[in-house]
Peer 1: 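Below is one structure. I have some questions about it.
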Number of protein chains: 2
Amino acid sequence: MAANSQFSMAVHVLSMLAASRDENVKSDCIAASVNTNPVVIRRLLGQLAQANLVISQSGAHGGTRLAKCPNEINLADVYSAVACGEVFALHPREPNKDCPVGRNIEAVLCHLQKRIDRTITETLSGYTLADVFEMVEKGATA
Amino acid sequence: MAANSQFSMAVHVLSMLAASRDENVKSDCIAASVNTNPVVIRRLLGQLAQANLVISQSGAHGGTRLAKCPNEINLADVYSAVACGEVFALHPREPNKDCPVGRNIEAVLCHLQKRIDRTITETLSGYTLADVFEMVEKGATA
DNA sequence: CATATCTGTAACGATGTTAGTTACATTTGC
DNA sequence: GCAAATGTAACTAACATCGTTACAGATATG
């Protein structure tokens with residue numbers, strides 16, 4: 001269960017909200033589509049709200065809706081909102097500093113990590129929620 | 001401990017081998033630099049050997065060395081050799097197929113996954129082991 | 001203002017992955 | 001034959017993610 005599905009869930013959730021523009025959608029309803037517990041959804045919505053992607057309302061007739069138009073939300077925003085881990089982890093234990101390689105390898109890997117993260121962000125910024133929703137509606141993978 | 005450090009370790013290990021071109025390096029020696037158990041290193045070397053990046057020899061005076069020149073090995077090869085997981089996982093539980101979004105979202109996410117993986121591979125293929133080793137020697141992050 | 005309905009969040013448990021460790025069979029040079 | 005290595009299986013420890021329960025707080029509505 002270790003791999004992180006937050007991004008997948010976020011895209012799913014946002015697609016649900018895009019399907020009901022300007023209506024409050026309840027966490028129970030979203031949870032039913034994602035097939036999980038409403039609390040899991042609310043936790044995720046909290047992160048998306050902090051990133052100003054959605055707006056939630058408490059109380060009766062409450063729920064959540066998009067804070068912007070689907071074409072104003074791109075997937076890079078979503079990716080940074082859910083703060084997924086890096087693509088690859090650094091060493092769990094500190095390398096040996098007495099070794100010329102061990103001493104410097106972490107800086108190099110850290111640089112690579114950032115480089116890749118930038119690449120991912122660039123790629124994701126090419127997709128808006130509107131694009132995703134269109135794909136979902138078509139049932140297409142193009 | 002969930003995040004995958006195999007790629008980091010692989011780059012470290014290959015840098016060690018690049019530092020001792022044409023010599024057999026023992027797993028104990030590499031383990032000392034990575035600060036882990038030799039068995040962990042041998043497991044990793046097994047994967048790198050299968051990808052034809054290194055060659056191991058059993059027995060006395062055995063060890064491992066690079067199978068090619070450092071400038072013939074690029075990091076995309078390493079990335080695919082250690083078969084890291086995807087950047088983000090799909091839903092752990094199957095979405096609800098009765099929902100229009102739930103029915104189609106997985107195909108879209110799967111498409112996105114592949115798109116990102118391609119981007120990462122492209123970026124990594126821009127670095128050879130020789131590049132990495134040069135950075136390590138300089139202690140620089142550029 | 002009482003109530004029903006919703007979100008927000010804390011706390012805990014189940015599950016699964018990763019890496020570390022031990023142990024041992026196998027290979028190979030001397 | 002012996003010493004020195006790799007290859008690999010099996011087990012354990014640590015940890016992250018997700019699911020679940022429980023409850024406090026907010027808010028429409030009669």
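Reminder, nothing fancy here: chain letters follow the sequence lines and each chain counts from 1.
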Peer 1: Determine whether L124(B) and F7(B) make a side-chain contact, defined as any pair of heavy atoms from C-beta on separated by less than 4.5 Å.
Peer 2: yes

Peer 1: In whole angstrom, what separates R65(B)'s CZ from dT6(D)'s P?
Peer 2: 13 Å

Peer 1: Please tell me which of the listed nucleotides, dT29(D), dT6(D), dG19(D), lies nearest to the side chain of P92(B)?
Peer 2: dG19(D)

Peer 1: Touch check for S27(A), heavy atoms < 4.0 angstrom, all strands: base, sugar-phosphate only, or nothing?
Peer 2: sugar-phosphate

Peer 1: Starting at atom CD of Q50(B), determine the distance to atom C1' of dT6(D), rounded to an integer number of angstrom.
Peer 2: 15 Å

Peer 1: T36(A) side chain N/O closer than 4.0 Å to the phosphate oxygens (OP1, OP2) of dG19(D)?
Peer 2: yes

Peer 1: Kindly point out which of dA28(D), dC18(D), dT6(D) is positioned nearest to the side chain of H61(A)?
Peer 2: dA28(D)

Peer 1: Nearest-Å distance, CD (Q47(A)) to P (dC18(D))?
Peer 2: 10 Å

Peer 1: Which sits closer to the 5' end of DNA chain D, Q57(A) or N35(A), going by the nucleotide each is nearest to?
Peer 2: N35(A)

Peer 1: To the nearest Å, give me how far apart CD1 (I55(A)) and P (dG8(C)) are.
Peer 2: 12 Å

Peer 1: Should V87(B) and V82(B) be counted in the same cluster of Ile, Leu, Val, Met, Phe, Trp and Tyr side chains packed under 4.5 Å apart?
Peer 2: yes

Peer 1: Taking the side chain of A60(B) as its heavy atoms from C-beta onward, which of dG29(C), dT7(C), dG20(C) lies nearest to it?
Peer 2: dG29(C)

Peer 1: Within a 6.0 Å radius of atom NZ on K68(A), are there more than 12 heavy atoms belonging to other residues, nucleotides or ligands?
Peer 2: yes

Peer 1: Evaluate the side chain to side chain contact (heavy atoms under 4.5 Å, CB included) criterion for residues V54(B) and L14(B): first the C-alpha distance (whole Å), next the side-chain angles of each, then the deciding distance (0.1 Å), finally the verdict.
Peer 2: CA-CA 8 Å; V54(B) 304; L14(B) 290 168; 3.7 Å; yes

Peer 1: Between dT7(C) atom C1' and L45(A) atom CG, what is the distance in whole Å?
Peer 2: 10 Å

Peer 1: Between N37(A) (CG) and dT20(D) (P), how many Å, whole number?
Peer 2: 5 Å

Peer 1: Output yes when at least one side-chain N/O atom of S58(A) is less than 4.0 Å from OP1 or OP2 of dT27(D), else no.
Peer 2: no

Peer 1: Could a donor-acceptor pair under 3.5 angstrom be found where the side chain of R93(B) meets the base of dG19(D)?
Peer 2: no

Peer 1: Rounded to whole angstrom units, what separation is found between the CG atom of D28(A) and the P atom of dC6(C)?
Peer 2: 7 Å

Peer 1: Measure the shortest side-chain to side-chain distance between S8(B) and Q113(A) over non-hydrogen atoms and say whether it is less than 4.5 angstrom.
Peer 2: no

Peer 1: dT6(D), dG8(C), dA19(C): which one has an atom nearest the side-chain heavy atoms of N4(B)?
Peer 2: dA19(C)

Peer 1: Looking only at side-chain atoms of S56(A), point me to the closest of dG19(D), dG8(C), dA19(C).
Peer 2: dG8(C)

Peer 1: Considering only dT21(C), dA22(D), dT7(C), which nucleotide approaches the side chain of V39(A) most closely?
Peer 2: dA22(D)

Peer 1: Count the heavy atoms belonging to other residues, nucleotides or ligands that lie under 6.0 Å from NZ of K97(A), then report whether that count exceeds 12.
Peer 2: yes

Peer 1: What contact category does T64(B) fall into here, base, sugar-phosphate, or nothing, at under 4.0 angstrom with non-hydrogen atoms?
Peer 2: nothing

Peer 1: Tell me which of Q6(A) and G46(B) sits closer to the 5' end of DNA chain D, going by the nucleotide each one is nearest to.
Peer 2: G46(B)

Peer 1: In this structure, how many angstroms lie between the P atom of dA19(C) and the CD atom of E94(A), rounded?
Peer 2: 17 Å

Peer 1: Look at the side chain of R43(B) and the base of dT21(C), then say whether one donor and one acceptor between them are separated by less than 3.5 Å.
Peer 2: yes

